2 protein chains.
Amino acid sequence: MAERKENSTNSVNRKCIVESNDLSYAIDMVGGRWKLLILVNLEKKKLRFNEIRKAMSSITERMLTLQLRELEADGLISRTVYAEVPPRVEYELTEISTELIPIWKKLCAWGARHRKARA
Amino acid sequence: MAERKENSTNSVNRKCIVESNDLSYAIDMVGGRWKLLILVNLEKKKLRFNEIRKAMSSITERMLTLQLRELEADGLISRTVYAEVPPRVEYELTEISTELIPIWKKLCAWGARHRKARA
DNA sequence: TGCGGAACTAACAAAAAAGTAAGTATGGCC
DNA sequence: GGCCATACTTACTTTTTTGTTAGTTCCGCA
């Protein structure tokens with residue numbers, strides 16, 4: 001049987017689908033109201049639970065816990081517990097999430113440009 | 001009264017808050033399950049309502065309508081209605097959303113890298 | 001004995017997002 | 001007259017996400 005020759009529309013479509021999957025995956029990882037914001041706070045240095053909480057005054061403890069857990073499960077942050085009393089837990093970016101820094105910087109810049117352009 | 005001299009921690013904090021605001025703004029604009037995906041589909045060329053819908057087989061008509069309306073209201077897509085029967089409506093990226101192309105490309109690339117790295 | 005602090009956890013409630021299914025307008029075509 | 005197609009609306013339900021409040025654990029300290 002002869003193979004069907006593909007037209008360019010099909011290959012454009014398929015490429016788009018692959019990109020959509022990669023993008024969906026990325027959105028799953030860092031999407032939502034909080035995740036990127038949490039990561040940004042860890043950009044400069046590792047922080048403890050309460051430090052993140054204070055830095056992001058509008059997040060609740062519960063949400064912060066949930067989001068940190070998901071980020072950890074997805075390998076985007078690492079969590080280190082020090083056996084002290086009271087407990088001390090530090091969160092920091094991983095290699096994988098460090099790769100995102102230039103991306104959120106660009107997003108910030110975009111936001112800054114267009115947020116000003118309205119106001 | 002003497003002005004209080006600022007320490008570097010304070011200025012780091014403030015910078016972080018400003019960035020967070022810009023980023024929150026950006027997340028508001030393009031966050032959610034669908035918006036970036038819709039924009040990506042418009043990257044190569046303008047599309048009609050049903051073309052977008054077919055390209056994104058998992059979105060419902062309702063959601064597509066709602067998301068398109070928000071994107072339009074936020075200036076991220078333009079909507080052109082042709083006075084024909086049956087109606088024809090075309091959507092395309094605006095200048096503002098075109099600026100996001102390199103950002104979602106990078107996100108795609110990141111997603112591709114780490115999606116493979118698991119599987 | 002009992003308070004304090006850090007980092008949670010659990011139970012429940014409210015709000016927001018998404019899905020389902022049916023209906024609308026228009027005018028050409030059979 | 002009835003059907004087709006496109007691009008939506010509308011009403012309603014389900015699911016997901018967030019928020020609220022109240023514990024819990026551990027040990028040191030007054």
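Each chain gets a letter, A, B and so on, in the order the sequences are listed, and its residues count up from 1. As the structure is a computational prediction, the values presented were derived from the model and not from experiment.
No side-chain heavy atom of A:Val30 sits under 4.5 Å from any side-chain heavy atom of A:Ile103.
D:dA5 atom P lies 10 Å from atom NZ of B:Lys54, rounded to whole Å. In this structure, the CD1 atom of B:Ile59 is 9 Å from the P atom of C:dA18, given to the nearest Å. Note: CG (A:Leu64) to P (D:dT17) measures 17 Å, nearest angstrom. Spacing between atom CD1 of B:Ile38 and atom C1' of D:dA7 amounts to 15 Å, rounded to whole angstrom units. At whole-Å resolution of the value, CZ in B:Arg62 and P in D:dT13 are 13 Å apart. Between A:Tyr82 atom OH and C:dC8 atom P the separation is 13 Å, expressed in whole Å. The distance from atom CH2 of A:Trp34 to atom C1' of D:dT17 is 12 Å, rounded to the nearest whole Å. B:Arg33 has its CZ atom 11 Å from the C1' atom of D:dT17, to the nearest Å.
Of the side-chain N and O atoms in B:Arg69, one or more sit less than 4.0 angstrom from OP1 or OP2 of D:dT9. At least one side-chain nitrogen or oxygen of B:Tyr91 sits closer than 4.0 Å to the OP1 or OP2 atom of D:dC8. OP1 or OP2 of D:dC8 sits under 4.0 Å from a side-chain N or O of B:Arg79. Between A:Arg48 and C:dA6 there is no side-chain polar atom (N or O) within less than 4.0 angstrom of OP1 or OP2.
Side-chain proximity of A:Pro86 to the nucleotides D:dC12, C:dA6, D:dG19 is greatest for C:dA6. Taking the side chain of A:Thr60 as heavy atoms from C-beta on, and the options C:dC8, D:dT9, D:dT20, the nearest nucleotide is D:dT20. Taking every side-chain heavy atom of A:Val89 into account, C:dA7 is the closest of C:dT26, C:dA7, D:dG19. Nearest nucleotide to the B:Asn50 side chain, out of C:dC8, C:dG5, D:dA7: D:dA7.
Residue contacts shown for A:Glu61 include a base, since a base heavy atom lies under 4.0 Å away.
Note: A:Ile52 CD1 to A:Tyr91 OH = 6.5 Å, rounded to the nearest 0.5 Å.
Neither side chain, B:Arg115 nor A:Tyr25, offers a donor N or O lying under 3.5 Å from an acceptor on the other.
Between the side chain of A:Thr94 and the backbone N or O of A:Gly75 there is at least one donor-acceptor pair closer than 3.5 Å. In this structure a side-chain-to-backbone donor-acceptor pair under 3.5 Å is missing from B:Ser97 to B:Leu93.
Positionally, the nearest nucleotide of DNA chain D for B:Leu68 lies more toward the 5' end than for the other of B:Leu68 and A:Met63.
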